[in-house]
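First up is the structure itself, then whatever we jot down about it.
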Amino acid sequence: GIPEPGDSLVFPDSPSNKLSNNNLSGAAYEDITISGSGYTLDGNSITVTGTLLVTGDNNTLDADVASAPIYFNDGTLVYNGQTTASFIVAGGATLKGTGTLGSTSVAGELAPGHSPGCMTVASLALTGTLTVEIDGPTACTEYDRVTVTGGANLAGGNLQLALGYI
């Protein structure tokens, strides 16, 4: 059926249509779980009152998200929206994109942009790897940039430079 406000939404592993120009705005959903791979959610902003959990690989969120924490546990996620929610990226997960994020904790990999690009975070705790592409002098088009508007804790983190685009 059609999702109702307050519902929990699950994007499973094997649906036939994984592209969603969503019409989920105007309502708050309890939880959203993306356990499948290859989803693209764009369009209207999405409000989640509980948790947004991503466990699948090669998913893209182009919609703005208003939620409690966003947990990303596995695979690769491209986030191009805007949110003030905190992002928690587990070991073994890679976060890419050009989004604006809230407080961000990365135990996996942070790889801003789309070869290359820029990402903005409110604060950053990095115990994993920050992968930065460098292939010229211009930010966002020839090299990656992460702008941290608050505090940054890089203790235990690694920097991986990629000369040229990967």
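A quick note: this is a predicted structure, and the numbers were derived from the prediction, not measured.
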About how many Å separate [atom2] of [Y] and [atom1] of [X], when rounded to the nearest 0.5 Å?
{"X": "Tyr143", "Y": "Thr138", "atom1": "OH", "atom2": "OG1", "answer": "7.5 Å"}
{"X": "Thr33", "Y": "Leu52", "atom1": "OG1", "atom2": "CG", "answer": "7.5 Å"}
{"X": "Thr47", "Y": "Ile32", "atom1": "OG1", "atom2": "CD1", "answer": "9.0 Å"}
{"X": "Thr76", "Y": "Lys96", "atom1": "OG1", "atom2": "NZ", "answer": "6.0 Å"}

Between [X] and [Y], what is the shortest heavy-atom contact and its length?
{"X": "Phe72", "Y": "Ala93", "value": "CE2-CB, 3.5 Å"}
{"X": "Asp74", "Y": "Gly92", "value": "OD1-O, 4.1 Å"}
{"X": "Ser8", "Y": "Glu30", "value": "OG-CB, 3.5 Å"}
{"X": "Ser115", "Y": "Glu133", "value": "CA-OE1, 2.9 Å"}
{"X": "Leu126", "Y": "Leu130", "value": "CD2-CB, 3.8 Å"}
{"X": "Thr131", "Y": "Asp144", "value": "O-OD2, 3.9 Å"}

Does the side chain of [X] reach to within under 4.5 Å of the side chain of [Y], using non-hydrogen atoms?
{"X": "Leu161", "Y": "Ile134", "value": "yes"}
{"X": "Arg145", "Y": "Pro112", "value": "no"}
{"X": "Leu41", "Y": "Ile34", "value": "yes"}
{"X": "Val89", "Y": "Leu110", "value": "no"}

If two hydrophobic side chains count as joined below 4.5 Å and joins carry through other members, does [X] share a cluster with [Y]?
{"X": "Ile70", "Y": "Val148", "answer": "yes"}
{"X": "Val10", "Y": "Tyr71", "answer": "no"}
{"X": "Leu101", "Y": "Val132", "answer": "yes"}
{"X": "Tyr39", "Y": "Val54", "answer": "yes"}

Quiz item: Are Phe87 and Tyr79 close enough that their ring centers fall under 6.0 Å?
Solution: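 Under 6.0 Å, so yes.
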
Practice problem: Verify the distance criterion only: is there a donor paired with an acceptor across the side chains of Ser103 and Ser123 at less than 3.5 Å? | Solution: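 Their side chains do contain a donor-acceptor pair, which is all the 3.5 Å distance test asks for.
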
Practice problem: Using distance alone, with no hydrogens and no angle criterion, decide if Thr94 and Glu109 have a side-chain donor and acceptor under 3.5 Å apart. | Solution: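 Indeed, the side chains of Thr94 and Glu109 share at least one donor-acceptor pair under 3.5 Å.
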
Quiz item: Would you find a donor on one side and an acceptor on the other, under 3.5 Å apart, between the side chain of Thr83 and the backbone of Val65?
Solution: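 Answer holds: yes.
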
Practice problem: Scan for side-chain hydrogen bond (donor to acceptor under 3.5 Å, both in side chains) pairs involving residues 52-65, sequence neighbours excluded, and state none if there are none. | Solution: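 Those involving residues 52-65 are Asp62-Asn80.
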
Quiz prompt | Sequence neighbours excluded - disulfide (SG to SG under 2.5 Å) pairs with any residue from residues 108-152 | solution =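 As it turns out, the disulfide (SG to SG under 2.5 Å) pairs with a partner in residues 108-152, which skip direct neighbours, are Cys118-Cys140.
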
